[in-house]
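Here is the structure we will look at, set down as structure tokens.
None of these values were measured; they are calculated from a predicted model. The first residue in the sequence is number 1, and the count goes up from there.
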Amino acid sequence: MLFSPIFATLAVFASAISAVVTPRSPTGQCETKLQRKAWHTLSVAEKKSYIDAELCLMKLPATLGLTGAKNRFEELQSAHQVQAAITHGVGAFLPFHRLHMYAHEQLLRNECGYKGAQPYWDETRDAGKFYKSDVLDPVTGFGGNGVGANGCIVDGPFANFTNNLGPGYRVGDSLNCINRFVNDAISVMAGQEYLDFCLKKKTYVDFWLCAENAPHRSGHGGVGGKMTDPIASPGDPIFYLHHTWLDKLFWQWQSLDLATRLTEMGGGNVQTGFGFDSMRPPPGAAPQLPAGDPANTTTLSHSLNMFGVIPNATIADVMDIRGALLCFEYI
Ligand SMILES: *[C@@H]1O[C@H](CO)[C@@H](O)[C@H](O)[C@H]1NC(C)=O
Ligand SMILES: *[C@@H]1O[C@H](CO)[C@@H](O)[C@H](O)[C@H]1NC(C)=O
Ligand SMILES: *[C@@H]1O[C@H](CO)[C@@H](O)[C@H](O)[C@H]1NC(C)=O
Ligand SMILES: [Cu+2]
């Protein structure tokens, strides 16, 4: 194993405080919302506390028996990997990733002593110039671009993290580095004009299709390497900042018409025609239709499966970020 000694210290620290939970009112309603902020607005100390918690998660032993996953960070990655074919190019794309970001925030807080909220990457600020983003800072960020033919990152706090999942589905699992090939011809799709184009969409289906396209592709393709793996990309911790930014865009769109958009859902449960053919799972590797929906149309009762990392939730549970389950806001 290539873990650095700092991991061991953090793991001991984390186990001592594993009982910390998100504060709730006695009725279970949302009272004090966690404030999710942009990475570049965090203090150096806040950035360090987030990264230290992520390093802790990468060291905490796996508990769920999910094939291939060797630590808690990878268990959350596994929940994404196994279900990639039913969470991309489908109506559940935005709700699933909203819950997945929440699960990450919960793990950091409940198991690694993190006191803050899940930050997001304001990619619009860095559109077309990811190479000089604060997020890729080797000292206060996630490390910089990859080096050499395989693009493994060699600086920053995650330089030595070896990931056991991917490439692709479980069948591809092998020990691999976090690699990146920053591509600023692709990162331009985080630009405000692309967001505005999506924000004008009138229906959930049109908005989701728009958001999953350019804004979503900006962070994956702009960072490159592991982040371009549509199945195992949560192996690069930048994934969580990218998808939280995309979730902020989803909430921004919902906020333009909450009366309608807290309950509007749609799309299919089986992906077709989205150019995701490379995401076809090996036979038997992913469920074909998720629980909760009466047919191949995504509804509010659709079950989002977190494989025990956190309890499953329905799409209805995650439609309102200010609701009893999620209880956060974007600043
Ligand atoms: C990664 O490993 C190298 C070589 O052992 C070491 O010099 C470096 O400090 C390590 N980096 C981190 C972030 O642990
Ligand atoms: C499922 O939904 C998609 C998208 O709406 C559609 O194209 C596909 O034909 C449907 N598949 C089945 C088996 O009904
Ligand atoms: C979560 O959802 C999946 C798929 O619907 C189901 O198989 C599983 O049993 C659920 N897990 C829990 C803990 O309810
Ligand atoms: Cu995804």
>> Side-chain heavy atoms nearer than 4.5 Å, only ILVMFWY residues, links allowed to pass through others: does that put Tyr131 and Ile238 together?
In response: yes
>> Working to the nearest 0.5 angstrom, can you tell me the gap between Ile178 CD1 and Phe161 CZ?
In response: 6.0 Å
> With hydrophobic residues grouped by side-chain heavy-atom distances under 4.5 Å, do Leu249 and Val205 end up in a single group?
Replying inline: yes
>> Enumerate the ring-ring contact (aromatic ring centres under 6.0 Å, His included) contacts for residues 31-62, please, sequence neighbours excluded, ordered by first and then second residue.
In response: Trp39-Tyr50, Trp39-Phe142, Tyr50-Tyr114
>> Looking only at side-chain N and O atoms, does Asn269 offer a donor or acceptor that is under 3.5 Å from a partner on Asp293?
In response: yes
> Can a cation-pi geometry be assigned to Lys202 and Tyr204, taking NZ or CZ under 6.0 Å from the six-membered ring centre and within 45° of the ring axis?
Replying inline: no
>> For a salt bridge (charged side-chain N to carboxylate O under 4.0 Å, His left out) check, start with the C-alpha distance between Arg125 and Asp134, then their side-chain angles and the critical distance, and finish with the verdict.
In response: CA-CA 10 Å; Arg125 186 171 180 265; Asp134 292 346; 3.5 Å; yes
>> Quick check for you: to the nearest 0.5 Å, what is the distance between Leu195 atom CG and Thr124 atom OG1?
In response: 4.0 Å
> Can you tell me how far CG of Asn176 sits from OG1 of Thr162, rounded to the nearest 0.5 angstrom?
Replying inline: 8.5 Å
> Phe158 and Leu42: same hydrophobic cluster, using ILVMFWY side-chain contacts below 4.5 Å?
Replying inline: yes
> Is there a ring pair (Phe, Tyr, Trp, His ring centres under 6.0 Å) between Trp253 and Phe207 once you walk through the steps?
Replying inline: CA-CA 8 Å; Trp253 178 81; Phe207 172 73; 4.8 Å; yes
>> Would Ser187 and Asp184 count as a side-chain hydrogen bond (donor to acceptor under 3.5 Å, both in side chains) here? Give the steps.
In response: CA-CA 5 Å; Ser187 78; Asp184 280 315; 2.6 Å; yes
>> Ring centroids only, cut at 6.0 angstrom: are His242 and Tyr120 within range, meaning strictly under it?
In response: no
> Can you check whether Gly166's main-chain N or O pairs, donor with acceptor, with Asp173's side chain at less than 3.5 Å?
Replying inline: yes
>> What's the separation between atom CE in Met265 and atom CG in Leu94, rounded to the nearest 0.5 Å?
In response: 7.5 Å
> Does the separation of the ring centres of His97 and His88 fall below 6.0 angstrom?
Replying inline: yes
> Passes side-chain hydrogen bond (donor to acceptor under 3.5 Å, both in side chains), Asp247 versus Tyr330? Steps please.
Replying inline: CA-CA 10 Å; Asp247 187 61; Tyr330 286 110; 2.5 Å; yes
> Heavy atoms, side chains only, cut-off 4.5 Å: are Ser218 and Ile186 in contact?
Replying inline: no
>> Go through it in stages, so that I can follow the logic: the residues are Val182 and Met227, the test is side-chain contact (heavy atoms from CB on, under 4.5 Å), and I'd like the CA-CA distance, side-chain angles, deciding distance and then a yes or no.
In response: CA-CA 10 Å; Val182 171; Met227 275 288 279; over 6 Å; no
> Under the criterion side-chain contact (heavy atoms from CB on, under 4.5 Å), which of Leu99, Ile310, Thr87, Asn312 is the partner of Leu304?
Replying inline: Leu99
>> The test is side-chain contact (heavy atoms from CB on, under 4.5 Å); show your working for Leu136 and Arg180 and say whether it passes.
In response: CA-CA 10 Å; Leu136 292 169; Arg180 297 182 189 142; 3.9 Å; yes
> Do the side-chain N and O atoms of Asp257 and Thr260 include a donor-acceptor pair separated by under 3.5 angstrom?
Replying inline: yes
>> Please report the interatomic distance CG(Leu66) to CD(Glu75), rounded to the nearest 0.5 Å.
In response: 5.0 Å
>> Using side-chain hydrogen bond (donor to acceptor under 3.5 Å, both in side chains), reason through Trp121 and Asp126 one step at a time and then give a plain yes or no.
In response: CA-CA 9 Å; Trp121 178 2; Asp126 294 330; 2.8 Å; yes
> Is the closest side-chain donor-acceptor distance between Asp317 and Thr314 under 3.5 Å?
Replying inline: yes
> Under 4.0 Å between a Lys/Arg side-chain N and an Asp/Glu carboxylate O for Lys47 and Asp137?
Replying inline: no
>> If I take atom CZ from residue Arg72 and atom CG from residue Leu108, how far apart are they, to the nearest 0.5 angstrom?
In response: 11.0 Å
> Are Met189 and Phe250 connected, step by step, through hydrophobic side chains (Ile, Leu, Val, Met, Phe, Trp, Tyr) whose heavy atoms are closer than 4.5 Å?
Replying inline: no
>> Between Lys226 and Asn163, is there a side-chain donor-acceptor contact under 3.5 Å, judged purely by atom types and distance?
In response: yes
> Who are the ring-ring contact (aromatic ring centres under 6.0 Å, His included) partners of Phe239, not counting sequence neighbours?
Replying inline: His80, His100, His220, His243
> Pairs in or reaching into residues 176-205: which pass disulfide bond (SG atoms under 2.5 Å apart), with residues at least two apart or in two chains?
Replying inline: Cys152-Cys177, Cys198-Cys210
> Between Asp320 and Gln254, is any side-chain donor less than 3.5 angstrom from a side-chain acceptor?
Replying inline: no
> Does the side chain of Thr244 come under 3.5 Å of the side chain of Arg36 through a donor N or O and an acceptor N or O?
Replying inline: no
> Is Leu165 reachable from Met306 through a run of I, L, V, M, F, W or Y residues, each pair having side-chain heavy atoms under 4.5 Å apart?
Replying inline: no
> How about Met101 and Tyr240: do any of their side-chain heavy atoms sit closer than 4.5 Å?
Replying inline: yes
